[in-house]
Asks: 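One structure, as structure tokens, below. Some questions next.
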Amino acid sequence: MAKADRTAAIAEIADQFRESGAAVLTEYRGLTVAQLSQLRNSIREHATYAVVKNTLTEKAAQEAGITAFDGQFQGPSAIAFVTGDPVEAAKGLRDFAKANPLLVIKAGVLDGKPLTTEEITKLADLESREVLLAKMAGAMKGSLTKAAYLFNAPLSQTARVVEALRQKREEQGPATEAPAAEATTDVAEGGDES
């Protein structure tokens, strides 16, 4: 490969690293072209799966500032450049690797942070972004309903107390006032003491 071509290839791969939210390095030794096509189709919505040359890709990763793949470029390598949902891409890779044990997930990077194989598997075990957002919206709706109930509770409780007092007063009948004490006089009737 000519030096100009190598430089262009490295720059192109480095750009793919920069434009991707995540990347997963795999080894595909022993997989057929049909199996690789099947893998590409299964993650197409979320990632681009590309067979890469180890030395060029290692240089491109260094140029892009990615250290997660240092020392990992051995054997036939391919990278899934994730531009969509990283959880769905990780699920696609994990599921394909379960069905085809020849695919080995080596390492990954998510938002510039290195990921181990175990962390990629944990990422794949997460629910999709849409499901998590729906659950969060449901939890927020429940919290808002509880808050509205708590704000309305003192008003409704006051209304119930007032109604109970009104009913109690009706049951007792009209209010009877105590008879006024009659005025007493010290002076005998009809006479003057002088």
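For reference, positions follow the sequence shown, starting with 1.
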Asks: Could you pull out the closest heavy-atom pair between A14 and E63, with the gap in Å?
Replies: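 Nearest pair, atom of A14 first, then E63: CB-OE2, 3.8 Å.
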
Asks: Specify the closest pair of heavy atoms between P114 and A68, including all atoms of both residues, with the distance to one decimal.
Replies: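 Answer, listing the atom of P114 first, then A68: CB-CB, 3.5 Å.
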
Asks: Is it true that the side chains of Q167 and E163 contain a donor and an acceptor less than 3.5 Å apart?
Replies: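 Yes, a side-chain donor-acceptor pair sits under 3.5 Å.
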
Asks: About how many Å separate CD of E45 and CG of D85, when rounded to the nearest 0.5 Å?
Replies: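 Answer for the CG-CD pair, D85 versus E45, is 10.0 Å.
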
Asks: Looking at every heavy atom in both V82 and A89, which two are closest together, and how far apart are they?
Replies: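 Minimum heavy-atom separation between V82 and A89: CG2-CB, 3.8 Å.
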
Asks: Is atom NZ of K106 surrounded by more than 12 heavy atoms (other residues, nucleotides or ligands) closer than 6.0 Å?
Replies: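 Atom NZ in K106 is packed in, count exceeds 12.
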
Asks: Once the angle between the rings of F17 and F81 is folded into 0 to 90°, is it parallel (under 30°), tilted (30 to 60°) or perpendicular (over 60°)?
Replies: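 Perpendicular: the ring planes of F17 and F81 meet at over 60°.
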
Asks: Could you report the tightest heavy-atom contact between L123 and P86, atom names first, then the distance?
Replies: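 Answer, listing the atom of L123 first, then P86: CD2-O, 3.9 Å.
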
Asks: Drop me the distance from L93's CG to I43's CD1, to the nearest 0.5 angstrom.
Replies: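 One finds 4.5 Å between CG of L93 and CD1 of I43.
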
Asks: According to a hydrophobic-cluster definition based on side-chain heavy atoms being under 4.5 Å apart (Ile, Leu, Val, Met, Phe, Trp, Tyr only), do V104 and L36 belong together?
Replies: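 Different clusters.
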
Asks: May I ask you to decide whether R18 forms a salt bridge with D15, counting only side-chain N to carboxylate O separations under 4.0 Å?
Replies: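 Yes, R18 and D15 are salt-bridged.
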
Asks: Between the side chain of T57 and the main-chain N/O of T55, is any donor-acceptor distance below 3.5 Å?
Replies: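 Checked: no pair found.
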
Asks: Rounded to the nearest 0.5 Å, how far apart are OG of S20 and CG of L110?
Replies: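 Rounded to the nearest 0.5 Å, the OG-CG separation comes out at 11.0 Å.
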
Asks: Between P76 and E27, is there a side-chain heavy-atom distance shorter than 4.5 Å?
Replies: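 With C-beta onward as the side chain, the pair touches.
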
Asks: Is the closest side-chain heavy-atom distance between T48 and I79 below 4.5 Å?
Replies: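 T48 vs I79: side chains apart.
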
Asks: Nearest 0.5 Å, please: how far is CD in E58 from CD1 in I10?
Replies: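 Interatomic distance, I10 CD1 to E58 CD, rounded to 0.5 Å: 10.5 Å.
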
Asks: Write down the atom of R40, the atom of V51, and the distance for their closest heavy-atom approach.
Replies: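 Closest heavy-atom pair between R40 and V51: NH2-CG2, 3.8 Å.
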
Asks: What's the separation between atom OG1 in T7 and atom CG in L56, rounded to the nearest 0.5 Å?
Replies: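 Result: 9.5 Å between the selected atoms.
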
Asks: Give, for atom NZ of K113 and atom CD1 of I66, the distance between the pair rounded to the nearest 0.5 Å.
Replies: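 Taking NZ in K113 and CD1 in I66, the distance rounds to 13.5 Å.
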
Asks: Please test K53 against I13 for side chain to side chain contact (heavy atoms under 4.5 Å, CB included), starting from the C-alpha separation and ending with a verdict.
Replies: CA-CA 10 Å; K53 293 189 181 263; I13 296 170; over 6 Å; no

Asks: Quick one: does R6's side chain get under 4.5 Å of K59's, heavy atoms only?
Replies: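 Side-chain contact under 4.5 Å: yes.
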
Asks: Locate the shortest heavy-atom distance separating A78 from Y28; write the atom from each residue and the value.
Replies: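 Scanning both residues completely, I find the closest heavy atoms to be CB-CD2, 3.9 Å.
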
Asks: Sort out for me which residue in T116, L25, I120, L115 forms a side chain to side chain contact (heavy atoms under 4.5 Å, CB included) with I105.
Replies: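 Exactly one candidate clears the test, I120.
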
Asks: A side-chain contact here means heavy atoms from C-beta on lying under 4.5 Å apart; do T26 and Y49 qualify?
Replies: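 The answer is yes; the side chains approach within 4.5 Å.
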
Asks: Would you please test R166 and E170 for salt bridge (charged side-chain N to carboxylate O under 4.0 Å, His left out) and show each step?
Replies: CA-CA 6 Å; R166 186 187 65 75; E170 283 179 1; 2.4 Å; yes

